[in-house]
Structures are given as C-alpha cells and as structure tokens.
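Reviewing the structure listed below.
The analysis underlying the following values was restricted to heavy atoms, covering all of them including side chains, and did not include hydrogens, waters or symmetry mates.
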Amino acid sequence: MPELASATMPPSPSVHTMRLETLVLLRWLAVAGQASAVIFVAFGLGYALPLGPCLLLIGLSMLLNVGLLVRYGPAHRPSPRLAFYQLVYDSLQLGGLLFLTGGLGNPFALLLLAPVSVSASTLSTRNTIWLGTLVVSVASILALFHLPLPWNEELPFFPPQIYLTGVWVALVAGVVFVAGYTNRVAHEARQLVDALTITELALSRQQQLSALDGLAAAAAHELGTPLATIALAAKEIRREAGEGELADDLDLIIGQVARCRAILGKLRSLRPGGSDIFDTATLSDIVAELAKPHEGPALVAGKSIVLDTGSNAHEPVIARNVGLLYGLGNLIENAVQFARETVTISADWDGKRVMIAITDDGPGFPPDLLSRLGEPYLTTKFRGRDDPRNPDAGGGLGLGVFIAKTLLERTGASLRFFNARANGYASVEIRWPRDVLAEEASRTA
C-alpha cells in the first residue's frame, strides 16, 4: 500500500483536543447553577440546609477555575491526565453537594452523568471506565448516607427506599449507556476525521509528485539552450586546440555536456508532449497506464496482468484526475499483491456508464468483512493489514482501501466489493455515470 498510509500512525483515543477554556466554561456554568439553586432554596423557599458547607464547595470550584486559568491560560490544551483529574474533581464536588442536600432524593442527582459524558466524548475508554466507576461509587454512597433533603419543616418529606433504589439503578444504567454509546460514537468520528486527513495528505503528495514531473520537464527545456551553446563552443575550441592536455579537458567537457543532455532528455520524457496531470486520455490508455508500473513486480513474482478493455465503439475519453489514478492504482496494487497467478483488469462502457473491474485469483475477501470494506482502520483487529485478506501479515493500517474508495467516490464513482467465486477471486467493480466523466474531461481538455 502507499508509503504514506504505512508510515502514519492510527489515531490515539487518548489524545485530548479540548481546550482548557471549554472545561473551565462548563465548570463556571455548573458553579452558577449550583449557587443559584442553593441560594433559591435557602432564601427563596426558606428551607433549611447547610448553606456554609454548600457555598464552600462551590467556592472551591471557583478557585480551581481561577487557578487553572492563571497557571495555564484559556488556550492551553490539557493532557488527558489533567483533564481526567478535573472531571474526577467535578464528580466528587457534585457528590459532596448532593450529600449535603438529600443524596439521590435530590432531583439534581441526574447531573452526575455530566462528567461521564464529557469524558466519553474526549478521553480514552480506560479513563471513562475509571470515571464511570467513581460516579457509580459516589451514587452508591449517596443512596445510603446523606443529610436530609431540604424541605418544609412542617411537612417533612423522606423519599421511600424503593424510590432511591430506582434512582440509583437509573444512574448506573445512564453511566453505562452514556459512557458506552458516546465513547463509541466519538471514537468512530475521530477515526473518520484522521483517515480523511491521511487521504488528503496522500492526494497532496501525489499532486506534488505530478507537479515535480512538470517542473523537471520545464527545467529540461530551459537548460537545453545553454547546454547546446556550451557544447558548440567547446567543439569549436577543440578543433583549434590540437592535441595535448587542453584537448583532453575539452573532450571531457564535451562528453559531460552530452551526458547532461541525455539526462535532460529523460526528464522531458516524464511528461510526454508537455502534457500535465489534468490532460485527457481514453479509458483503455488509462487502464494500461495504471497497470504498467505493476507488471514488472508481477512477472518477478510469477504473476501476470491481463487487460480486457473491450471493443465497443465510442470509447470514453476521461480526465487523468489525480484522485482517479491514485485510487485505481491502489486497488490494482492490492490485487497484484494477493493474486496467485493472474490479475484481470476489465473495462467496459456504453452510452450511460463506464465500468472498470479488477479481479485477482487470490483467496478473496473474508465474507464477514465484505459489508465493511472501505471503512477506515478496518484491519486494526488483524494487527494492521492494509487489506483484510491476510490477517497474519503486518505493515499497514487498513487505510489503503479507504483512501482508494474515498478518492474514487469524489470522482463520481460507486464501488462494489465481492468475491467472484465461492473459494476466492476478490473483485472490485468501479462504475461512473458516463456524463460525469465526460463533463470533467471537457473542463480539462
């Protein structure tokens, strides 16, 4: 698979990207809500509650926020450990307030889920499990030990034990669900973003290489004239120099100039006719161009590449799009790698659609993974294979097929992965609406 995909590490679930300002802002919101609730209950409703200890816990959160902002600044991105410790504090601080104000009988006990939700969306699974365990422990303690719920002294209210048990069960279920679901969704979103970033890097690298070809051809063209002048002058001096040490030096110069001109000739041939990467070509030429770099390695490995480009009239002319070339080349490379003897590349077209099928006679795709082919990092559970057909080999990250699929879909293609036979023969079928390819070709012609 491409060097870039092989060299890029998969995203770490422990990487924390949230700024300190976000955590501090969430804590300020909590402080404002807690202070408002405590003051309203104490002075608005006139219920008795330990106002001093409650305000002390709220004040600790205010001091923590100020201290963090002074120490790190709002733009600082805390390490996963520091972020985890802040969420641990938030859970314990809220647990302390609930202990002072009725335990699980307090309707604000639901807010114990908030730190778990933040952890599940930004921190690693391990940290989320530890924080969830802490929250469940806090809820269990509050179910058994707490001060009375602030209430009208003339009509005291004591929540029944079965109700408190139900609240505890609901909190535990909420912790499990929020931690599991949110963490899974956030992890998949991070994977997709990182994989798309790698795709953009791969495409950018291919564009840079193509631009380098053009630069080399332009340099060869510009250097041709001065080299011709040097060669002409050296030959004139050589004819007048006769024999001797000077003549030997002039022969050396003439020989080296000829060598330079030969090198420049090779550089010009990198981009025949001065064309660039967005020129157009027929479908059969595109297929032959993509297969050619793999024919040598295939022959060395005892394999062959068979091209079947059909003979229908009105062959489509398509743009030599970087994404199209890179994506198809990636799939052909996979097929050559896993074929036993033969890779067949078929091209077909009619008035409405254009199709390319790449089939190898290898072991095929695992049936249980067919529906998931093209997902990023699909093969992490197979210890990092770019193609899931060989779970014992290493070296890739499962991004090759994803990159190819993403780039080809951007050109308007739809891909279908299937096994041509029950015992193997993996096949990839790529289809484009013909008018989409024709429109792009007309823009680049």
Side-chain angles (χ1 to χ4, degrees), residues 8-39 52-101 108-139 141 174-175 178-198 200-201:
T8 308
M9 294 303 295
S12 171
S14 63
V15 173
H16 189 63
T17 58
M18 186 165 56
R19 293 186 303 170
L20 179 64
E21 183 181 22
T22 303
L23 286 172
V24 168
L25 177 61
L26 292 174
R27 194 171 295 111
W28 280 126
L29 292 175
V31 165
Q34 292 167 0
S36 300
V38 168
I39 293 174
C54 289
L55 294 178
L56 176 62
L57 286 175
I58 296 172
L60 287 177
S61 291
M62 298 173 65
L63 289 176
L64 176 62
N65 269 356
V66 173
L68 288 172
L69 290 175
V70 172
R71 173 66 177 82
Y72 296 105
H76 176 72
R77 296 187 183 275
S79 66
R81 175 174 294 184
L82 178 58
F84 172 72
Y85 286 154
Q86 291 185 62
L87 295 175
V88 167
Y89 165 81
D90 293 333
S91 302
L92 294 176
Q93 189 260 3
L94 181 57
L97 282 176
L98 292 173
F99 172 81
L100 296 172
T101 57
F108 290 103
L110 179 66
L111 294 176
L112 285 170
L113 296 177
V116 179
S117 177
V118 174
S119 175
S121 60
T122 58
L123 299 182
S124 67
T125 302
R126 180 179 179 182
N127 284 337
T128 302
I129 291 175
W130 280 112
L131 188 65
T133 302
L134 173 65
V135 169
V136 170
S137 301
V138 169
I141 294 173
V175 166
V178 168
Y181 178 78
T182 306
N183 184 262
R184 181 64 180 173
V185 170
H187 177 68
E188 291 181 356
R190 287 193 295 266
Q191 278 192 326
L192 184 59
V193 169
D194 286 350
L196 286 173
T197 300
I198 294 174
E200 295 291 346
L201 290 174

Minimum heavy-atom separation for [X] to [Y], with atom names?
X: Asp90; Y: Pro115; answer: CB-CG, 4.4 Å
X: Ala83; Y: Leu123; answer: CB-CD2, 4.1 Å
X: Leu57; Y: Gln93; answer: O-NE2, 3.3 Å
X: Gly132; Y: Val116; answer: CA-CG2, 4.3 Å
X: Val135; Y: Ser91; answer: CG2-OG, 3.8 Å
X: Gly95; Y: Leu112; answer: N-CD2, 4.5 Å

Would you mind writing out the side-chain donor-acceptor pairs for residues 64-71 within the sub-3.5 Å range, not counting sequence neighbours?
from, atom 1, to, atom 2, distance (Å)
Asn65, OD1, Arg27, NH1, 2.8
Asn65, ND2, Val24, O, 3.2

Worked verdict on Phe108 versus Thr101 for side chain to side chain contact (heavy atoms under 4.5 Å, CB included): CA-CA 10 Å; Phe108 290 103; Thr101 57; over 6 Å; no
Donor-acceptor pair, distance only, cut-off 3.5 Å: does the side chain of Ser117 make one with the backbone of Leu113?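 The answer is no, because no donor-acceptor pair under 3.5 Å joins these two groups.
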Spacing of [atom1] belonging to [X] relative to [atom2] belonging to [Y], to within rounding of 0.5 Å:
X: Arg126; Y: Ser119; atom1: CZ; atom2: OG; answer: 12.5 Å
X: Cys54; Y: Leu98; atom1: SG; atom2: CG; answer: 9.5 Å
X: Phe84; Y: Thr122; atom1: CZ; atom2: OG1; answer: 11.5 Å
X: Leu60; Y: Leu55; atom1: CG; atom2: CG; answer: 11.0 Å
X: Gln34; Y: Ile39; atom1: CD; atom2: CD1; answer: 11.5 Å
X: Gln86; Y: Arg81; atom1: CD; atom2: CZ; answer: 14.0 Å

Does the side chain of [X] reach to within under 4.5 Å of the side chain of [Y], using non-hydrogen atoms?
X: Val138; Y: Leu94; value: no
X: Leu131; Y: Val118; value: no
X: Phe99; Y: Ile141; value: no
X: Ile58; Y: Leu97; value: yes

